[in-house]
2 protein chains.
Amino acid sequence: MLISGPPFRWHWTETGMNIGQASAASGVSAKMIRYYESIGLIPKPSRTDAGYRVYTETEVRTLGFIRRARDLGLSIERIGLLVGLWLDHGRSSADVKRIATEHVAELESRILELIAMRDTLQALAKSCHGDQRPECPILHELEGGGARRAAAPRRPAGPRPAAPGPAA
Amino acid sequence: MLISGPPFRWHWTETGMNIGQASAASGVSAKMIRYYESIGLIPKPSRTDAGYRVYTETEVRTLGFIRRARDLGLSIERIGLLVGLWLDHGRSSADVKRIATEHVAELESRILELIAMRDTLQALAKSCHGDQRPECPILHELEGGGARRAAAPRRPAGPRPAAPGPAA
DNA sequence: GTGGGGATTCCCATGATGGGAAGGTCAAGC
DNA sequence: GCTTGACCTTCCCATCATGGGAATCCCCAC
């Protein structure tokens, strides 16, 4: 790859970047840019004669907006709503705030679930000798030995946490 | 094939439940039981002449073990290891503890990520008027206006939180 | 004109789960 | 006996956001 970079071709006015440059500039992978286009989150960009996608500064800004929203763990669906409001100068900040608040609530419940799990497991691990002997309160609990604790009521498809990213 | 043996080999010991009963008894959906079997997490149960799966009390106990582990957010992979240790009476509790501790660490980092997201978004929402006016610090931040905050380095496929469950 | 990097599309995989179709089985009621 | 409905079977599809990779084409610097 390497951005040996066009020495000067783009004087920042109507840049006209290809997908690789738009990706580097926005922090959204080319794969994801195409995906966002396919699901209608972003409009179809113009193309060169050869079929290469061409992105304007404006479109790259939108991609940056989307990336930051993803970094806050917002779902694609909500991001779509936010982008719509962002572009709508007649919007009400109340609508934006409501979306954010809903997400905060979901993050909160997700956090509580995870904390409950962590606390339960941490307590069990703490009481486990962790030596060569086979006796282990962790296994005993999983066997059904302990009282039911952690683990919320099985969350409904949960509030996507964020972007999975590289490793998989 | 059914127990070719004497007319009543199973008097109540060796219950012999079908998948629906095993599901009800263990709290694991029939769909998941079949899935666990397909990926080798549990062994293939015996079948009736008609092809119905037949589960013994022992197998149902294993399913319960798996469900509780899932409730603690453990991945199928780790659960497989735990089941193996559980059945291995020569195990070292250290191995069990290590698995639990690794999971606690993953839960912890996940929690920190979510908290960072929540805090950022909560602060932004708080500073948003939430009225009819269009000005909104949330959108301003997403536009790239604010300093980079929350959102960890894009988690690597994260430590599955728990079981999605019913609603979806 | 050639080579290498980048673009294109298309398909597949992930993790853990559910939904549903098409067809076979069992048990209870008439 | 026969019907009915609940249950089982397998198989495929969808989720959510993302990456991997193949096959093919394009662009630009040499």
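A, B, ... follow the sequence lines: proteins, then strands. Residue 1 opens every chain.
Side-chain nitrogen and oxygen atoms of B/Arg47 include at least one within less than 4.0 Å of the OP1 or OP2 phosphate oxygen of D/dT10. Under 4.0 angstrom from either OP1 or OP2 of C/dT8 there lies at least one side-chain N or O belonging to A/Arg53. Between C/dG18 and B/Ser29, a contact under 4.0 Å exists linking OP1 or OP2 to a side-chain N or O.
Atom CG of A/Leu63 is separated from atom P of D/dT18 by 12 Å (rounded to the nearest Å). In this structure, A/Tyr55 atom OH and C/dG6 atom P are separated by 17 Å, rounded to whole Å. Atom CD1 of A/Ile79 is separated from atom P of D/dA17 by 8 Å (rounded to the nearest Å). When rounded to the nearest whole Å, the span between CD1 of A/Ile33 and C1' of C/dT8 equals 14 Å. Here C/dA16 presents its P atom at 15 Å from CG of B/Leu72, a figure rounded to the nearest Å. Taking atom NZ of A/Lys31 as the reference point, atom P of C/dC12 lies 13 Å away to the nearest angstrom. We find that CG of B/Asp49 is positioned 17 Å from P of D/dC8, with the value rounded to whole Å. Between the CG atom of A/Asn18 and the P atom of D/dC26 there is a distance of 15 Å, rounded to whole Å.
Salt bridge status for B/Glu141 with A/Arg68: absent, with no side-chain N to carboxylate O gap under 4.0 Å. For the pair A/Arg67 and A/Asp71, the salt-bridge criterion is met [side-chain N within less than 4.0 Å of a carboxylate O]. In this structure, A/Glu106 pairs ionically with A/Arg78, as a charged nitrogen and a carboxylate oxygen lie closer than 4.0 Å. Using a 4.0 Å cut-off between charged nitrogen and carboxylate oxygen, B/Arg61 and A/Glu143 do not count as a salt-bridge pair. Salt-bridge check for B/Arg53 with B/Glu37: passed, with a basic side-chain N closer than 4.0 Å to an acidic carboxylate O.
With C/dC26, D/dC8, D/dA17 as the choices, the nucleotide that has an atom nearest any side-chain atom of A/Ile76 turns out to be D/dA17. Of all nucleotides listed (C/dT17, D/dT18, D/dC8), D/dC8 comes nearest to the side chain of B/Ile19.
Near-neighbour residues of DNA chain C inside residues 34-42 of chain A, defined by a heavy atom below 4.0 Å, number-ordered: A/Arg34.
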Take A/Tyr55 and A/Ile19, measure what side-chain contact (heavy atoms from CB on, under 4.5 Å) needs, and give me the verdict at the end. CA-CA 7 Å; A/Tyr55 296 91; A/Ile19 202 170; 3.8 Å; yes
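In terms of position on DNA chain D, the residue among B/Gln21 and A/Glu77 whose nearest nucleotide sits closer to the 5' end is B/Gln21. For the pair A/Val54 and B/Ala50, nearest-nucleotide mapping onto DNA chain C gives the more 5' position to A/Val54.
Summarising the local packing, CD of B/Gln132 is surrounded by 12 or fewer heavy atoms from other residues, nucleotides or ligands at distances under 6.0 Å.
A pairwise comparison of heavy atoms in B/Leu63 and B/Ala22 identifies CD1-CB, 4.4 Å as the closest pair. Here the shortest heavy-atom pairing between B/Ile138 and B/Cys128 reads CD1-CB, 4.1 Å.
Residues passing the salt bridge (Lys or Arg N to Asp or Glu O under 4.0 Å) test with B/Asp131, sequence neighbours excluded: B/Arg133.
Using five terminal pairs a side, the axes of the helix from C/dG1-D/dC30 to C/dC30-D/dG1 at its two ends make an angle of 30°, given in steps of 10 degrees.
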